[in-house]
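Comments concern the structure below.
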Amino acid sequence: MSDSTSTTSSVDAIAGSIATEARSRMLEVSGLSAWYGEARVLDDVSIDVAPGEVVTLVGRNGAGKTTLLRSVMGLHRQTEGTITLDGADLAKRSPDARARAGVGWVPDDRGIYSSLTVAENLLLPPVVHADAWPLEKVYEFFPVLHERREFPGTKLSGGEQQMLAMARVLRMGSRLLLLDEPSEGLAPVIVQRIGEIIREIKSHGVAVLLVEQNVKFASTVADRHYLLAQGKVVEHLGNDDFRAREGELLTYLGM
Amino acid sequence: MSEFIQYTLQGLAAGGFYALSALGLAVIFGVLGVVNFSHGACYMLGAVISAVLLGELHVGFWVALVVVPILMFAFGVLMERLLVRWLLALDPLYNFLLTFGLTLVLVEAVKQRYGVSGLPYEVPAGLGGQVTVGSVNLSTYAIFACLFSVVVCVAVGLLLTKTRIGMIVRASTEAPERTRALGINVGRWVTPVFGFGIALAGLAGVLAAPTRAITAEMGSNFIIILFAVVVIGGLGSILGAVVAGFLVGLVEAYGIAYAPTYAQIVIFVLMALVVLVRPSGLFGREEVA
Ligand SMILES: Nc1ncnc2c1ncn2[C@@H]1O[C@H](COP(=O)(O)OP(=O)(O)OP(=O)(O)O)[C@@H](O)[C@H]1O
Ligand SMILES: [Mg+2]
């Protein structure tokens, strides 16, 4: 990698301090590169997320954020590098095996089934861990899903669909959530509500890898941030640094 | 008026054959993304096996109604395991061509073995003759065939909407990749679903045996109409397949009765109209980019 020395050292410093704190890493991605045909869209990316930690991936449109999540899920196959979950290599596992191993995907389009009711959307994935939320708890936490449980999934509003997509992986008991721009296109009150949900998830020791373009929102929920540009990690910041440089980052992201 | 009711019943009975077969075609397309061209040949096999069971083994209609779908399920499982599976990763066109080729093989094989003149079959005991309702005489067998198809369609509908397997099939039909990412081994359902779809075509063949000429070619025209059914109902829509199946049966029967020269054309005019007004069919989902 050809980053400036200052960036590299700050990456190492923060990574080092946090890694010693949280001994076990839920997700560890190292040296990941990904291609679409000839086009390389991820270049030697290394990131990690510990249990109970919220880590964001911030970057402009086309930086490769979604591709990174899809690679972790096993949906994007044209990759090099290693991805481990709780120490276990995921390379040879199919997407469904990865999901059963504890990876929960909340895609950027929310991925709600129109041919399934709200309740069926919740019940479709198998329960993969003892800490999975029982349906009653899901309904208690998301009363609107209980009210609308017999509706076709896509009859919900955008915000409700986002709740449903997140509730679905909690019901499943995923240990690592991959959230792809959950705040996108939603009203501020709903974004705030999603922030609360993420903090609740974190308190259960679940690891969250959050893709965000909303820098303000990211700084209210996350512990650390990776800045991705043209497929490379160019910055790795603790949340305090991130807040301090918010203005600069907003300009960088073109907002 | 009494004639109109008779034509309606004929149409609904024929529509039942289309509905059952189209249902099979729809679940196969939904879960595998395969357009099974050999579906008409499988319908033909269902009828031919029924005739052979009766002619050579003296096994009657009621047993055939149970045994033939089971045999066709096994045939579908073999077909998926030995052939279709290997082309799934490629362009869907390859499986379309494969099943087209298989159709030619099956039709020729039946011709070689049983000739082209048609196998005899009789209306099962108890279902012959007519029922008089008011002043209208209705064929007992047509009433049976029609009701039986409706019952099977409803049962399949319940299986799809009320069971976990059905939920997985619906989810895989809508978004196979996402369903995998949610922890479902979609691949495990591929073989049984394919077998099930073929069994439905076979069942339609058994039901058709007492009322149609049983020849190697009986599926050739059938598959063409079946594609019209699927386009009208909406590709991949289960409800659409059933409704359009009965609708096309009716339109065909009225066509034969009132405009015999145009009977076939009427179906395709209906198809063109539906596609003009609703390109994704009556019950099809609009493509989402
Ligand atoms: N299916 C595809 N085929 C070819 N190129 C693709 C494909 N999907 C994405 N890309 C390219 O890969 C790069 C990374 O895309 P990706 O979707 O991962 O970015 P992103 O950071 O998630 O962007 P956004 O903020 O718009 O969601 C982009 O240049 C994009 O054009
Ligand atoms: Mg994206």
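Chain identifiers are assigned alphabetically (A, B, ...) following the order of the sequence lines, protein sequences preceding nucleic acid strands; residue numbering begins at 1 within each chain. Just so you know, these numbers come straight off a predicted model, no measurement behind them.
A heavy-atom distance below 4.5 Å is found between the side chains of A/Arg70 and B/Glu177.
Residue contact with chain A, scored on non-hydrogen atoms closer than 4.5 Å, involves the backbone of B/Thr161 exclusively. Looking at A/Pro107, neither its backbone nor its side chain comes within 4.5 Å of chain B, counting heavy atoms on both sides. Using a 4.5 Å cut-off between heavy atoms, A/Leu178 does not touch chain B at all.
With values rounded to the nearest 0.5 angstrom, B/Arg178 atom CZ is found 10.0 Å from A/Leu124 atom CG. Between the CZ atom of B/Arg180 and the CZ atom of A/Arg98 there is a distance of 13.0 Å, given to the nearest 0.5 Å. In this structure, the separation between CD on B/Glu174 and OG on A/Ser114 is 3.5 Å, given to the nearest 0.5 Å.
Among B/Val186, B/Asn185, B/Thr179, B/Leu182, the single residue meeting the side-chain contact (heavy atoms from CB on, under 4.5 Å) criterion with A/Asp96 is B/Asn185.
At most 12 heavy atoms of other shown residues, nucleotides or ligands fall within 6.0 angstrom of atom OH in B/Tyr94. Atom NZ of A/Lys137 sits in a crowded spot, with more than 12 heavy atoms from other residues, nucleotides or ligands closer than 6.0 Å. Other residues, nucleotides and ligands contribute only 12 or fewer heavy atoms inside 6.0 Å of the CD atom of A/Glu80. Shown here is B/Phe100, whose CZ atom has no more than 12 heavy atoms of other residues, nucleotides or ligands within 6.0 Å.
The most heavy-atom pairs under 4.5 Å with chain B, out of A/Ala99, A/Ser174, A/Gly104, come from A/Ala99.
Between A/Trp105 and B/Ala181 the shortest heavy-atom distance is CE3-CB, 3.5 Å.
The main-chain N or O of A/Ser115 is found under 3.5 Å from a side-chain atom of B/Arg170 such that the two form a donor-acceptor pair. Put simply, the side chain of A/Arg100 never gets that close to the backbone of B/Ile184: no donor and acceptor are under 3.5 Å apart.
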Taking distance alone, no hydrogens or angles, what donor-acceptor pairs closer than 3.5 Å link side-chain atoms of residues 127-136 of chain A to residues at least two apart or in another chain?
residue	atom	partner	partner atom	Å
A/His129	ND1	A/Asp131	N	2.9

